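Data first, discussion second: the structure below is written as structure tokens.
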Amino acid sequence: MAINIEKYKEIIESLETKGVQLVAVSKIKPVCDIQKLYDLGQRDFGENYVQELVDKQLQLPGNVKWHFIGHLQSNKVKYITPFVHLIQGVDSLKLLKEINKQGNKINRIISCLLQIHIAQEETKFGMDENELAEAVKELTENASAYTHVKVEGLMGMASFSNDDEKVREELRYLKILYDKYKDFSSSAVKITTLSMGMSGDYEMAIEEGSNMVRIGSLLFGARLK
Ligand SMILES: *Cc1c(COP(=O)(O)O)cnc(C)c1O
């Protein structure tokens, strides 16, 4: 399936009026498709795989804001820290420590979102409410050990389900956690971004308070892989 320019224009227009940021999820899609949205003004793109992201970054303009939205393995952090705009899927303190270490090496503060597990489906990564509380506590009490990361918000993926009420409940739960930490601010934590909503549920996610959506297949067509 091909890239849908009309849909892009429709989505961007509706998001702008609501103050919601669009991350165009371009995983598995070719560089020429990314370039088409770039030419229309889109700058934020999301990728799930480290090697693919590194390859694409080399082929596209330097002012693209690359979001890493996949599951990140600690041993691959170093490949993306030199250029990544936002690492959205930080699901453990161990990973955050490695990001901080790699940021320190190149003297760059790396922006991150903590991924929260909200779906009842088991396959999705993320912290639970207690792990989130512990992470915020650690980042604050031990702030001098986290000089090269900045936690800017929360990210979550609701279940892939036709049960709208279930999806809405999961989104609502993430919003409650976001509100709990929203006004919290310390040197390594300042929660201002709530990244939730994908092709299937972004409208509902915005209704529930999202300010960043990650949309792939609606823009670029279905992924065959
Ligand atoms: C693939 C992916 C998306 C986009 O999914 P679509 O349903 O194609 O919009 C959003 N967020 C994450 C974390 C993803 O892996």
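Atoms within each ligand, like the ligands themselves, are counted from 1 in listed order. These numbers were taken from a predicted model, which means no experiment stands behind them.
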Return all side-chain donor-acceptor pairs below 3.5 angstrom for residues 137-146, not counting sequence neighbours, or 'none' if the list is empty.
residue: Glu138; atom: OE1; partner: Asn142; partner atom: ND2; Å: 3.4
residue: Glu138; atom: OE2; partner: Asn142; partner atom: ND2; Å: 3.3
residue: Glu138; atom: OE2; partner: Tyr146; partner atom: OH; Å: 2.7
residue: Thr140; atom: OG1; partner: Val136; partner atom: O; Å: 2.7

Is it true that Asp39 and Lys36 have a side-chain N and a carboxylate O under 4.0 angstrom from each other? no
Kindly assign one of parallel, tilted or perpendicular to the pair Phe125 and His71, based on the angle between their ring planes and the thresholds 30° and 60°. parallel
Distance filter under 4.0 Å, heavy atoms only, around ligand 1 gives Val25, Lys27, Asn48, Ile69, Met155, Met157, Met198, Ser199, Arg214, Ile215, Gly216, Ser217, Arg223
Check whether any side-chain heavy atom of Val213 sits under 4.5 Å from a side-chain heavy atom of Ile11, and report yes or no. no
Residue pair Ile12 / Gln42, side-chain heavy-atom distance below 4.5 Å: yes
Quick one, Gln115 and Gln88 - any side-chain contact, counting heavy atoms below 4.5 Å? no
